[in-house]
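Keep in mind the model is a prediction, meaning the values are calculated, not measured. Scope of the values below: all heavy atoms of this structure, side chains included, with no hydrogens, waters or symmetry mates. Both counts, for ligands and for their atoms, begin at 1 and track the order of listing. All residue numbers in this chain count up from 1 along the given sequence.
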Amino acid sequence: METQNKSFPKHFFWGAATSAHQVEGNNHNDWTEWEKLGRVAHGEHSGLASGHYDRYREDFAIAKELGHTMHRLSIEWSRIEPRPGIFDQQAIAHYRDVLLELRRLGIEPMVTLWHFTNPIWVQQLGGWTNKQTIDLYGRYVSTIVRELGDLVTYWITVNEPTVYSSSSYLFSYWPPERKNPITAWSVIRNFVAAHRLGYQIIHRHNPNAKVGVANNLNHFIPARRNNYLDRTLATFSRYWHNQWWLDQTYLTQDFIGLNYYFYHPLRFKISGLQNLLRPEPQDRAPMSDLGWEIHPHGLGELFDFLKKYDRPIIVTENGLADAADQFRAAFIRDHVAEIEKALQRGVRIQGYLHWSLIDNFEWREGFAPRFGLIAIDYATLQRTIRPSAYTYRDIIRQRSA
Ligand code: IFM
């Protein structure tokens, strides 16, 4: 790739990401059913969410103004196929309009095909515990690729499958609240198969498509450097959370999507699996509103870990909950600096997508965490650009000059 501004490739993508259930509003899927049980913080429901289904033009216009050149969004399977084998042409037409709008603005779309939610009928069949879901997913992907594939080059087959399988089937934190390691294992195996199937379907349609996964990778370190048990725990966590899935799938990833949020110093404790994996708080590092410590250098460490897979990397998510917008500007600056250093070390990185473009429904945590470059007033759905979004715009301008 031709380079400029010392390290950034000329066609480096800059932008932000969202997911359908978190921003669109008026969804009807396994999550909306579960939200009725009152498990979400403050008993919230995703409801109208950020109203993006009707306001995507306004949101993309702001993204354009902020200098974004790529936007990652997800397609909601339950809208496309509300009943088994019945495909909703209006929903397909809606996503066609969404993609056309991005293209009109000169913003490259990146489309996620599955981002944590299932049609209710899929969940009733057992969801991702059932092998049949792999073929059902394949049929849905074939439809999307046939109907919308002319507008999309960059695809994400599945978002953070390791996070989903453990949150939903091991820690019982998300629907369907199961706690069974064997089930969690079969879920992740089914995702491997679904990803490979999605990859083949997309490539059969368009050999030049770029297909990846949004992989949630954490930087795990031993809390006590010389403690054998902490070190073993960190090695195990790195293998299980970061490496296993990539070992299974990297040959069918044209690029590696990297979602980076967590730096985990781990301390061995014999008090149940959840405590065992709970990170130790560190001194001094600033924290997001969700108590997540900010450690940009972990991103650099993960770039180096990924070198062995010999695939280009796109940061498909990186961000923080920060309602007061006190840390976000520095957060972006520092993470982009890690990208710059890694590019100088020869790591092939092709883009940075901030999470998120707009405030949204943060799953079990509800609406309180504010991840957006753009603030949403949930009473009026009015959009307000946060100051850090302008800092990001200036970073994009400098790095693209
Ligand atoms: O909001 C989520 C997103 O859906 C997946 N990655 C992490 C984000 C922040 O928790």
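Applying the side-chain hydrogen bond (donor to acceptor under 3.5 Å, both in side chains) test to residues at least two apart or on different chains, the pairs with a partner in residues 187-201 are T157-H195, H195-T252, Y199-D254.
The ring pair (Phe, Tyr, Trp, His ring centres under 6.0 Å) test with H68 singles out one residue from Y392, W14, F13, and that residue is Y392.
With atom 4 (O) of ligand 1 as the reference point, the heavy atom nearest to it among E362, Q22, R364, E160 is part of Q22.
With respect to D359 and R386, a salt bridge is recorded, a charged nitrogen being found less than 4.0 Å from a carboxylate O.
Only the side chain of W292 comes within contact range of ligand 1, with a heavy atom under 4.0 Å; no backbone atom does. By the criterion of a heavy-atom distance under 4.0 Å, the side chain of N159, and not its backbone, is placed next to ligand 1.
In terms of polar-atom proximity, W363 is counted as a contact of ligand 1, with an N or O under 3.5 Å from an N or O of the ligand.
Under a 4.0 Å criterion applied to the non-hydrogen atoms of H115, ligand 1 contributes the atoms 3 (C), 4 (O), 5 (C).
No close placement of the F12 and Y352 rings is indicated, their centers lying 6.0 Å or farther apart.
Atom 7 (C) of ligand 1 has its closest protein heavy atom at E317 OE1, 3.2 Å.
Every residue two or more places apart in sequence or in another chain that forms a ring-ring contact (aromatic ring centres under 6.0 Å, His included) with W77 is listed here: Y140.
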